[in-house]
2 protein chains.
Amino acid sequence: MPRRSDATRTAILDAARERFASDGYERATIRAIARDARIDPSMVMRYYGSKEGLFAAAVSVDLKLPDLAPLPRDEVGHALVTHFLGMWEDSEVLTALLRVGVTNQAGAERMQGIFRDQLLPVAGTVCPDPEQVPARAALCASQLLGLALARYVLRFPPAVALTREEAVAWLGPTVQRYLTAPHP
Amino acid sequence: MPRRSDATRTAILDAARERFASDGYERATIRAIARDARIDPSMVMRYYGSKEGLFAAAVSVDLKLPDLAPLPRDEVGHALVTHFLGMWEDSEVLTALLRVGVTNQAGAERMQGIFRDQLLPVAGTVCPDPEQVPARAALCASQLLGLALARYVLRFPPAVALTREEAVAWLGPTVQRYLTAPHP
DNA sequence: CCGGAATGTCAACGCTTGTTGGCCTACGCT
DNA sequence: AGCGTAGGCCAACAAGCGTTGACATTCCGG
């Protein structure tokens, strides 16, 4: 059932996502988040218990990875990169998660969980040898996260300047190879 | 001329590198660094002026990238990845820089500078079209940093489990293609 | 229309942080 | 030997943090 305070709760979560994305965990203060949401800091505590609780509530990631199985084998790389870049530009959650994951143990573990629960299964449907799935999925993750890092977080100018189509054209074959090519 | 306090100074820098690498900028406190170096926090201020000054002094990166020009064209990828992974495992400086670069504007700018001053020139010597050098170098950086991220920072288990040889065998062709293959 | 629960504000707490200035010590030069 | 200076420690500061509990307000079911 909907609560009267739902507007406030989502305002807090929105502000939290924004702050975590732009400042990282430590510098995203509860006070600043509360100021953005135009409420008192103590409300954040009341609704989410602690700063960690707020982070857990604000940053929940569903990559919504598409089912690659029905696709022609030589298009999975293209499809995965396209989808991933779209997700990244759709919201700030992924930026927030990466910023926090790099400096915070809990954040890193959450990213490990997303990798394990969301990318690994999808990779399993297109990799030839089941035994190689984890390594191949990790290689995909490294390339996808690496581009996100250079483009959305570190903002290397040439990485920012790439159009999404160019990025897909370059990364697609890489991811494709990591997933389906024979072990080198 | 050597100063009497050089031992202390390097002890501070060593401790700072370690703390920045494992904790990131905000959680690496001057007090903790001073404790590690077995001196008073005020000494850090005396010698390096501020926390930012300490970071600038502690984290100076020379990737020592090899000259790729004399190499056979089809070995540059392999060589670059091998060298990069070696640098990463040699010291904690790169981990520190990445951890800080992700949450700190000054850190991000320093990484941009390293990319521009160290990777770009080397890429220029092996890329066919000078106009494509920045984009190609950025793609290389994305893959190299991405693996470092997954392996040394986020510690995705399959990325950690890769031997260095396996990592080189997988990433080598990717970097090779980013540098020398025709634009897709 | 009234009373309790939900919503929100205010002020303060204990703690940690970067940073500062004063003081003591001990080396090294003449 | 004596003195200046560099090395080092101690105590404190103001600011900011997460967090807490007491108090005001608003809503809604009886």
Side-chain angles (χ1 to χ4, degrees), chain A residues 1-59 96 99-107 110, chain B residues 1-59 96 99-107 110:
Chain A
M1 69 171 187
R3 282 160 298 195
R4 189 156 41 103
S5 61
D6 279 354
T8 303
R9 294 178 121 94
T10 68
I12 293 175
L13 290 186
D14 286 347
R17 268 186 283 268
E18 202 164 325
R19 285 283 177 177
F20 282 134
S22 66
D23 295 346
Y25 188 81
E26 339 286 335
R27 303 202 325 195
T29 68
I30 288 194
R31 288 166 142 91
I33 292 168
R35 208 177 314 130
D36 292 354
R38 289 176 220 284
I39 43 94
D40 191 88
S42 63
M43 297 301 293
V44 178
M45 304 301 297
R46 187 188 283 275
Y47 289 146
Y48 299 102
S50 70
K51 188 177 180 179
E52 285 207 25
L54 173 63
F55 176 75
V59 179
R99 278 227 159 85
V100 174
V102 166
T103 41
N104 193 277
Q105 182 59 24
R110 182 174 294 227
Chain B
M1 71 173 187
R3 281 161 298 196
R4 190 154 43 101
S5 60
D6 280 354
T8 303
R9 293 178 122 94
T10 66
I12 293 175
L13 291 187
D14 287 346
R17 269 186 282 270
E18 202 164 325
R19 285 284 178 177
F20 282 133
S22 66
D23 295 347
Y25 188 80
E26 338 287 334
R27 302 201 326 195
T29 68
I30 289 196
R31 287 168 144 93
I33 292 168
R35 208 178 312 128
D36 291 353
R38 287 175 223 285
I39 42 97
D40 190 88
S42 63
M43 299 300 295
V44 178
M45 304 302 297
R46 185 190 284 259
Y47 290 146
Y48 299 102
S50 68
K51 188 177 181 180
E52 286 207 26
L54 172 63
F55 176 73
V59 178
R99 278 226 159 86
V100 174
V102 166
T103 41
N104 192 277
Q105 181 58 26
R110 180 173 293 229

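Being a predicted model, the structure only gives us computed values, none of them experimental. We name chains A, B, ... by the order of the sequence lines, and we start the count at 1 in each one.
The closest donor-acceptor contact from the side chain of B:D6 to the backbone of B:R3 lies under 3.5 Å. Listed for the B:R99 side chain is no donor-acceptor partner under 3.5 Å among the backbone atoms of B:Y25. Not one N or O on the side chain of A:S5 forms a donor-acceptor pair closer than 3.5 Å with the backbone of A:T8.
Nearest-nucleotide assignment on DNA chain C puts the 5′-proximal partner with A:I39, out of B:M45 and A:I39. Position along DNA chain C of the nearest nucleotide to B:E26 versus A:D40 favours A:D40 as the more 5'-ward residue. Remark on DNA chain D: of its neighbouring residues B:R46 and A:K51, the 5'-side contact belongs to B:R46, judged by nearest-heavy-atom nucleotide. Residue order along DNA chain D, read from the 5' end via each residue's closest nucleotide, puts B:R38 first among B:R31 and B:R38.
One can place CD1 of B:I30 at 9 Å from C1' of C:dT17, the figure rounded to the nearest angstrom. The CD1 atom of B:I12 sits 11 Å away from the P atom of D:dG7 (whole-angstrom rounding). When the P atom of D:dG16 is taken as reference, atom CZ of A:R19 falls 14 Å away, rounded to whole Å. Computed from coordinates, the B:E52 CD to C:dT19 C1' distance equals 14 Å when rounded to whole Å. Protein atom CZ of B:R27 is 22 Å distant from nucleotide atom P of D:dG16, rounded to whole Å. Rounded to whole Å, atom C1' of D:dC17 lies 14 Å from atom CG of A:D23. Summarising the geometry, the separation between CE on A:M43 and P on D:dT20 is reported as 15 Å, rounded to the nearest angstrom. In this structure, the CG atom of A:D6 is 12 Å from the C1' atom of C:dT7, given to the nearest Å.
Side-chain nitrogen and oxygen atoms of B:Y47 include none within less than 4.0 Å of the OP1 or OP2 phosphate oxygen of D:dA6. The shortest distance between the side-chain N/O atoms of A:S5 and the OP1/OP2 oxygens of C:dT7 is below 4.0 Å.
A distance of 11.5 Å separates CD1 of A:I12 from CG of A:D36, quoted to the nearest 0.5 Å.
Among the heavy atoms of the strands lying under 4.0 Å from A:T8 are primed sugar atoms or P, OP1, OP2 only; no base atom is included. Base contact: A:S42 has a heavy atom under 4.0 Å from a base atom. As judged by a 4.0 angstrom heavy-atom cut-off over every strand, A:Y48 is placed among residues making no nucleic acid contact.
In this structure, B:R27 and A:T103 have side chains that are not in contact, with every pair of non-hydrogen atoms separated by 4.5 Å or more.
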